Amino acid sequence: ATPLKRPFLILGEMLSRLFFQVIGFIIMVALGYFVFDFTLVNGLMTFLEMLVFSVFGLIIFMGMGFIISGVIENESSIAPVANTITLPQILLCGLFFPVENYPAWLQAFCNLLPLTFFVDGLRKIAFEGAHIWQMPVEMTGLIGWAAVISFITIKVFRWE
């Protein structure tokens, strides 16, 4: 028994993981910048916008993990279910293959995936120098997904 309410427990978990994700993000960008000559188009602003954009991704995908672990009863089934949800997103979001190469009916589905909004937005920030306020489609998609996932997470999360 805990006096904590469910949303605050989830928020605490997310903030603790966010701390380590930010450190990992800083290390990856620093390696890209110093070792592989990755250019930050707008300097520090690009880095900060990529960081903010990544927070939305963290909220969405950590929330999905909480939903899966809250819905699946058997602990050994959580990883296969998570992979069943994650792998298609990775293959369909345009990370490895352009979404435009898929059939039209599949493109419509791909363009609604949260990872598609995330990958497209990060590409625009990192390679085109776009600012967050210049990407209304990606931001609306990420905010929408974050709101839906957060709501479902709070409803199904259990800490038994």
Side-chain angles (χ1 to χ4, degrees), residues 1-29 31-32 47-126 130 132-133 135-160:
T2 178
L4 284 176
K5 295 191 184 298
R6 193 178 301 180
F8 295 114
L9 183 64
I10 294 169
L11 181 63
E13 280 290 319
M14 285 187 156
L15 289 176
S16 69
R17 297 190 196 293
L18 176 64
F19 176 74
F20 291 105
Q21 293 299 324
V22 167
I23 291 171
F25 177 80
I26 291 169
I27 291 170
M28 283 190 293
V29 173
L31 281 173
F47 172 78
L48 293 175
E49 287 180 340
M50 288 172 63
L51 184 62
V52 168
F53 212 77
S54 295
V55 169
F56 282 102
L58 179 68
I59 291 168
I60 292 167
F61 298 109
M62 188 181 300
M64 284 183 180
F66 280 136
I67 291 169
I68 292 167
S69 65
V71 171
I72 304 298
E73 299 287 331
N74 185 349
E75 189 176 325
S76 63
S77 299
I78 291 174
V81 171
N83 288 335
T84 302
I85 293 170
T86 305
L87 184 62
Q89 281 195 69
I90 292 170
L91 295 175
L92 296 174
C93 75
L95 185 62
F96 298 112
F97 313 108
V99 172
E100 295 78 28
N101 290 353
Y102 297 130
W105 63 270
L106 188 56
Q107 286 181 29
F109 175 75
C110 294
N111 289 327
L112 295 176
L113 294 173
L115 195 54
T116 302
F117 293 118
F118 183 70
V119 168
D120 288 348
L122 273 181
R123 276 193 182 130
K124 287 179 181 178
I125 292 170
I132 288 177
W133 57 86
M135 302 181 301
V137 172
E138 288 81 4
M139 286 306 299
T140 302
L142 285 179
I143 290 169
W145 272 104
V148 168
I149 294 293
S150 297
F151 177 77
I152 296 170
T153 298
I154 291 170
K155 292 295 180 193
V156 303
F157 179 73
R158 294 173 294 166
W159 61 86
E160 298 154 359

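Being a predicted model, the structure only gives us computed values, none of them experimental.
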Could you grab the distance from atom [atom1] of [X] to atom [atom2] of [Y], nearest 0.5 Å is fine?
X      : Y      : atom1 : atom2 : result
Ile154 : Ile67  : CD1   : CD1   : 10.0 Å
Gln21  : Met28  : CD    : CE    : 7.5 Å
Leu11  : Ser150 : CG    : OG    : 9.5 Å
Thr153 : Ile68  : OG1   : CD1   : 10.0 Å

Discussion item. Quick one, Thr86 and Met64 - any side-chain contact, counting heavy atoms below 4.5 Å?
Written reply: no
Worksheet item: Would you say the side chain of Leu18 lies within less than 4.5 Å of the side chain of Val55, judging by non-hydrogen atoms?
Response: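 Yes, side chains in contact.
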Looking only at heavy atoms, which two atoms of [X] and [Y] are closest? And how far apart?
X      : Y      : result
Ser16  : Phe20  : O-CD1, 3.3 Å
Val22  : Leu51  : CG2-CD1, 4.0 Å
Glu100 : Gln107 : O-NE2, 3.0 Å
Ile72  : Ser77  : CG2-CB, 3.7 Å
Leu142 : Phe53  : CD1-CZ, 3.2 Å

Practice prompt. With sequence neighbours excluded, tell me which residues meet ring pair (Phe, Tyr, Trp, His ring centres under 6.0 Å) with Phe25.
Written response: Phe47
Worksheet entry | With Trp105 via ring pair (Phe, Tyr, Trp, His ring centres under 6.0 Å) - residues at least two apart | none
Could you list the residues that satisfy side-chain contact (heavy atoms from CB on, under 4.5 Å) with [X], not counting sequence neighbours?
X      : answer
Val52  : Phe56, Ile132
Ile23  : Phe19, Ile27
Ala126 : Phe38, Met50
Leu112 : none

Worksheet item: Hey, is the main chain of Phe66 close enough, under 3.5 Å, to the side chain of Ser69 for a donor-acceptor pair?
Response: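 Here the side-chain-to-backbone pair exists.
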Discussion item. Can you list everything that forms a salt bridge (charged side-chain N to carboxylate O under 4.0 Å, His left out) with Arg17? Sequence neighbours excluded, please.
Written reply: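 Expected list: Glu13.
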Item to complete: Go through the structure and list residues passing salt bridge (charged side-chain N to carboxylate O under 4.0 Å, His left out) with Glu138, not counting sequence neighbours.
Response: Lys124
Discussion item. Using the side-chain hydrogen bond (donor to acceptor under 3.5 Å, both in side chains) criterion, which residues pair with Asn101? Sequence neighbours excluded.
Written reply: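 Asn101 satisfies side-chain hydrogen bond (donor to acceptor under 3.5 Å, both in side chains) with no residue once adjacent residues are dropped.
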Worksheet item: Excluding sequence neighbours, so at least two apart, what forms side-chain hydrogen bond (donor to acceptor under 3.5 Å, both in side chains) with Ser76?
Response: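 With neighbours one apart ignored, the set is Asn74.
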Worksheet entry | Selection residues 109-119 - residue pairs positive for salt bridge (Lys or Arg N to Asp or Glu O under 4.0 Å), sequence neighbours left out |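 Checked against salt bridge (Lys or Arg N to Asp or Glu O under 4.0 Å) - neighbours excluded - no pair reaches residues 109-119.
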Pair up each side-chain donor or acceptor in residues 114-122 with any protein partner under 3.5 Å, not counting sequence neighbours, and list the distances.
| residue | atom | partner | partner atom | Å |
| --- | --- | --- | --- | --- |
| Thr116 | OG1 | Cys110 | O | 2.6 |

Fill in: Stepwise side-chain contact (heavy atoms from CB on, under 4.5 Å) check, Leu106 with Leu92
CA-CA 9 Å; Leu106 188 56; Leu92 296 174; 4.0 Å; yes
